[in-house]
Amino acid sequence: MAVELIKDLLKIDQIVGKDEIQALVEGEITVPETKPKIKKILKIDGEVQVTGTKVVKDKIIVSGIVNFKVLYNADDELQSIHSVDASTDFREEIQVENVDEKMSAEIKANVEHIDYSLTDDLRISVKTVLDIASKAVLDNSIDIVKDIKGVEGLQMLKENIKCNDILGINSSSTLVKEAFELEGSMPDIVDILRVDVKTHEQETKVVDDKVIVAGVISCSIMYFGDDEENKVNYLSHEIPFTHFVEIPGAIKDMNCKLKLQANEVNYDIKEDINGDIRIIDIESTVKIEAKVYKQVEKEVTVDTYSTNKKFDVKKQEVMVTENIGQNTSKEQINGTIDVAVDREVIKNIFNMNGRPVVTDYRLIESKVIIEGLLELDMLYLAESDNEIKDIRQEIPFKAYVDIEGINDTMEVEVENMLEDISYKQISSHEVEVDAVIKNFVSVNRIKKINIVTEAVESDEALDKNSRPSITIYIVQKDDTLWDIAKRYNTTVEELINSNDILTPENIMPGEKIIIEKNITFEL
């Protein structure tokens with residue numbers, strides 16, 4: 001009977017290498033001629049936009065843009081506060097061994113710190129520290145041997161692995177826009193000082209061949225108004241959207257991992273029916289990256305041999321990322337910003353931004369414990385000198401995410417985002433902050449295994465006649481019954497029966513194993 005290999009296709013995302021670096025990006029911000037000169041810088045914020053990644057031999061190349069938002073005081077009788085948007089390109093090479101052009105890269109980049117100084121009254125020198133985490137991934141499709149038929153005395157060693165079977169990956173962009181009118185109590189618009197947008201998903205559904213994403217763009221808008229009392233005003237507005245991402249091969253109710261990013265924000269101000277400037281027209285491009293997968297448990301052949309004939313076996317070593325479990329949690333964070341340390345009294349609050357930062361995590365008793373800081377940045381009007389000031393403070397938080405079957409030897413991936421933030425002034429110098437942080441946690445076990453990809457039976461029979469009737473083998477360190485049985489062309493079952501072994505997986509170094517010679521005679 002001819003040897004028949006029954007094969008299966010194993011599709012895995014193999015993490016080949018990763019690294020995290022800090023990069024210094026230097027640049028200069030120039031105030032346009034249409035804007036007044038700088039008297040005092042109130043604040044500079046920055047966000048990173050990764051525009052391209054490339055994997056080459058032993059390195060990952062990342063290119064992108066740091067987008068700056070500058071708020072400053074000017075000698076302008078009509079409008080004392082102005083804003084400037086600017087950007088600086090960057091390109092970084094991250095050294096990662098054993099990566100090459102066949103791989104793709106996953107990048108996370110954030111602004112860690114910004115230093116700035118005035119070169120003159122129209123130019124600002126900026127030094128930005130970026131935190132860039134990179135991961136090289138090989139989309140591996142391997143033909144594996146699932147079973148072998150037509151071989152006498154065949155022995156097969158199999159192992160179960162859990163992995164994410166990737167059905168498809170795609171990205172798509174959608175233009176989200178809306179025009180809305182100010183509430184009646186708010187003053188007319190003189191100038192938009194800054195618009196900050198963030199996006200997050202509300203509901204995701206996988207259907208046949210596509211992913212349906214329902215999300216929200218949250219807009220934070222600061223503007224200079226025509227009211228004598230409230231020159232600087234702040235409002236928030238949400239724009240819902242729905243978008244389809246085509247994923248050929250996707251099946252209803254499969255798992256999906258999303259990454260959303262709002263880019264290219266444009267805005268305009270318009271008159272209402274009374275001729276007053278009270279309408280804000282905003283549009284932003286949202287890029288959605290979707291990966292559809294199903295969690296599968298597959299039995300793979302990691303070794304094979306015959307007790308009768310020689311067998312040529314080919315193997316491929318792979319790093320399998322076994323997803324043990326994942327879960328999402330939402331944490332309500334409460335804290336207080338206190339400006340009393342600066343001997344200030346708050347007259348008005350203009351803007352509140354926040355960013356969650358994970359400082360540590362650990363695995364204990366089927367839980368992932370996440371510790372972090374909610375970094376807050378508040379822009380306010382001080383009563384003492386009637387000047388706008390910026391204060392930054394941190395609120396610590398701790399989150400517990402339940403995932404069964406995990407232990408402290410496994411790897412944890414944590415992604416979090418600020419889903420909501422609200423605040424209220426509770427005293428002359430204190431502001432109470434409530435925020436919701438969404439944590440997505442995935443726990444993986446990295447396993448290096450050799451998978452059988454080919455097996456060919458030789459015509460040459462094994463010579464068992466020259467061996468002694470009984471062999472005494474002394475177990476060495478890291479030996480298994482499979483290793484011993486394969487070496488002496490017998491079976492694990494025969495070793496267990498000959499030695500009355502009760503716990504085959506726990507043989508100890510120094511233990512004596514009896515190996516009996518069994519010969520099959522052909523009639």
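With hydrogens and angles disregarded, a donor-acceptor distance shorter than 3.5 Å links the side chain of Asp208 to the backbone of Lys252. The backbone N or O of Ser63 sits less than 3.5 Å from a side-chain atom of Thr51, completing a donor-acceptor pair.
Inspection of the Asn351 and Ser220 side chains reveals no N or O donor paired with an N or O acceptor under 3.5 Å.
Taking all atoms of both residues into account, the shortest heavy-atom contact from Glu331 to Asn439 is CG-ND2, 3.6 Å.
Within a 6.0 Å sphere centred on CD of Glu28, heavy atoms belonging to other residues, nucleotides or ligands number more than 12. Annotation for Lys198: atom NZ does not count as buried by contact number, only 12 or fewer foreign heavy atoms lying within 6.0 Å. The neighbour count for Lys54 NZ, taken as heavy atoms of other residues, nucleotides or ligands under 6.0 Å away, does not exceed 12. Surrounding NZ of Lys287 are at most 12 heavy atoms belonging to other residues, nucleotides or ligands under 6.0 Å away. The neighbour count for Lys294 NZ, taken as heavy atoms of other residues, nucleotides or ligands under 6.0 Å away, does not exceed 12. Environment of CD in Glu101: crowded, with over 12 heavy atoms of neighbouring residues, nucleotides or ligands closer than 6.0 Å. Heavy atoms from other residues, nucleotides or ligands lying under 6.0 Å from CD of Glu47 number 12 at most. Counting non-hydrogen atoms of other residues, nucleotides and ligands closer than 6.0 Å to NZ of Lys314 gives a total of 12 or fewer.
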Exercise. Under the salt bridge (Lys or Arg N to Asp or Glu O under 4.0 Å) criterion, do Glu394 and Arg392 qualify, and how do the steps go?
Worked result: CA-CA 7 Å; Glu394 298 170 342; Arg392 298 172 187 261; over 6 Å; no
Problem set entry | Check against salt bridge (Lys or Arg N to Asp or Glu O under 4.0 Å), Asp196 and Arg355 | CA-CA 13 Å; Asp196 297 307; Arg355 180 173 75 106; over 6 Å; no
For this session: Mind running salt bridge (Lys or Arg N to Asp or Glu O under 4.0 Å) on Glu415 and Lys259 for me, showing each step along the way?
Result: CA-CA 10 Å; Glu415 294 182 19; Lys259 181 180 178 182; over 6 Å; no
Problem set entry | Check against salt bridge (Lys or Arg N to Asp or Glu O under 4.0 Å), Asp100 and Lys57 | CA-CA 4 Å; Asp100 58 38; Lys57 179 65 175 173; over 6 Å; no
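In this structure, the side chains of His200 and Leu418 stay at 4.5 Å or more apart for every pair of heavy atoms. Under the 4.5 Å side-chain criterion, counting only non-hydrogen atoms from C-beta, Val357 is not in contact with Asn110.
Classification of the Tyr234-Tyr423 ring pair by plane angle, with boundaries at 30° and 60°, yields tilted.
Looking at Lys389, Lys69, Lys43 one by one, the single match for salt bridge (Lys or Arg N to Asp or Glu O under 4.0 Å) with Asp377 turns out to be Lys43.
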